[in-house]
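This report concerns only the one structure given below.
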Amino acid sequence: MSDKRILEVRNLKKYFPIQKGVFRRVVGHVRAVDGIDFYIKEGECVGLVGESGCGKTTAGRSLIRLLDPTEGEVLFAPHDKTVDMAALDKHGLKQMRQDMQYIFQDPFASLNPRMTVGRIVSEPMKIQSIGTHKERTLRAGELLEKVGLSASQMGRFPHEFSGGQRQRIGIARSLSLNPRFVICDEPVSALDVSVQAQVLNLLKDLQDEFDLTYMFVAHDLSVVEHISDRIMVMYLGRIVEIASASELYETPKHPYTEALLKAIPIADPKLGKRRIALEGSVPDPANPPEGCNFSTRCAYATELCRKDDPTLQTVENSDERVAACHYVNELELTGFTVRE
Ligand code: SF4
């Protein structure tokens, strides 16, 4: 991994208007992503974790402009030049998508059922006018082999494959343009537990082989533990903690991270049932709580938390660790390695 930042996101926001009445008057906004800042180094895998509805998928889609951000910068430097993805026109976007790709969550919905697998994998090259038909077909066959399928399966249709195999086809498609950066949007959450580990291992192997940088979106911390170098925890449209994977698991600094760690299932009957740490659901992003966003569910909330909104601050004795909590350097939170 190098020190070069391949991606730097500054104050990224994505608001969706709430419209009412016959004239579709805008009466408010859902703040799905509410001003996030982070960077990803070349060769890194950075996890983005949070419950459903916390804005992580919207954030991922805003980076690659499947959704247009409301505000902010997405500075992307796959080679020597840096471009702001958020400000690119259609032509510029088409060019940059060669270097930034997206793996969708649902392998059942993301593959065109009327296209053969060979066409699905070679389609991005055709759109970018890369190579001849023969060269594209050859490359599609190579990619299918790389993801553990066979070039001889190119004439088949998506419905002839299992869920895990379809996700492999989606992965092959995302690699067809030789990207530098791939956003993996919950790539294993729709799969059987038995095949999740295989697909995670495949992604890790491909990262090493093709020098890829990943942002890995997931809704629970157990999935990202082994694949991520650093992890960002998101809650109600904001990033509340960023740390290396080991630090985050051992010594969480935000109560929401601690709660997510407590929700990780343990396959050991001797340890008994773990306390359910998170009660209630994520508040409505159109109407977030006063003060700290997490104060309605936080076991440590005080009057200060209900009044003042904490910003991300550096954790004591660590240059790269940040957390958004008034008591970041005071609370002694429980990590995953510390059993109850
Ligand atoms: Fe909990 Fe207060 Fe920290 Fe928010 S600021 S996470 S409510 S302790």
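Excluded from the calculations below are hydrogen atoms, water molecules and symmetry mates; all remaining heavy atoms, backbone and side chain alike, are included. Just so we're clear, the structure is a prediction, and the values are computed from it rather than from any experiment. Order of appearance sets the numbers: ligands from 1, and atoms from 1 within every ligand.
- Ligand-side atoms of ligand 1 in range of Tyr327: 8 (S), range being under 4.0 angstrom from any heavy atom.
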May I have the step-by-step check of side-chain hydrogen bond (donor to acceptor under 3.5 Å, both in side chains) for Tyr39 and Glu44, ending in yes or no? CA-CA 10 Å; Tyr39 65 84; Glu44 239 187 338; over 6 Å; no
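- Using a 4.0 Å cut-off to heavy atoms of Cys325, the atoms of ligand 1 that qualify are 3 (Fe), 5 (S), 6 (S), 8 (S).
- Evaluated for a side-chain contact (heavy atoms from CB on, under 4.5 Å) with Leu93, the options Arg97, His91, Gln95 yield exactly one hit, Arg97.
- Taking backbone and side-chain atoms together, Cys298 has no N/O/S atom less than 2.8 Å away from atom 2 (Fe) of ligand 1.
- In terms of protein heavy-atom proximity, atom 4 (Fe) of ligand 1 is closest to Cys292 SG, 2.3 Å.
- Residue contact check: Cys305 has heavy atoms under 4.0 Å from atoms 2 (Fe), 5 (S), 7 (S), 8 (S) of ligand 1.
- Between the side chains of Ser244 and Glu247, at least one donor N or O sits under 3.5 Å from an acceptor N or O.
- By the 6.0 Å and 45° rule, Arg238 does not stack over the aromatic ring of Phe294.
- Residue-ligand proximity, Pro255 to ligand 1, at heavy-atom distances under 4.0 Å covers atoms 1 (Fe), 6 (S).
- In summary, no N, O or S atom of His254 is located under 2.8 Å from atom 3 (Fe) of ligand 1.
- Using modelled atom types, one finds no donor on one side chain facing an acceptor on the other under 3.5 Å when comparing Tyr300 with Glu330.
- The nearest protein atom to atom 5 (S) of ligand 1, hydrogens excluded, is given as His326 N, 3.4 Å; this is a heavy-atom distance.
- A cation-pi arrangement is found for Lys14 relative to Phe16, the charged atom lying closer than 6.0 Å to the ring centre and inside a 45° cone about the ring normal.
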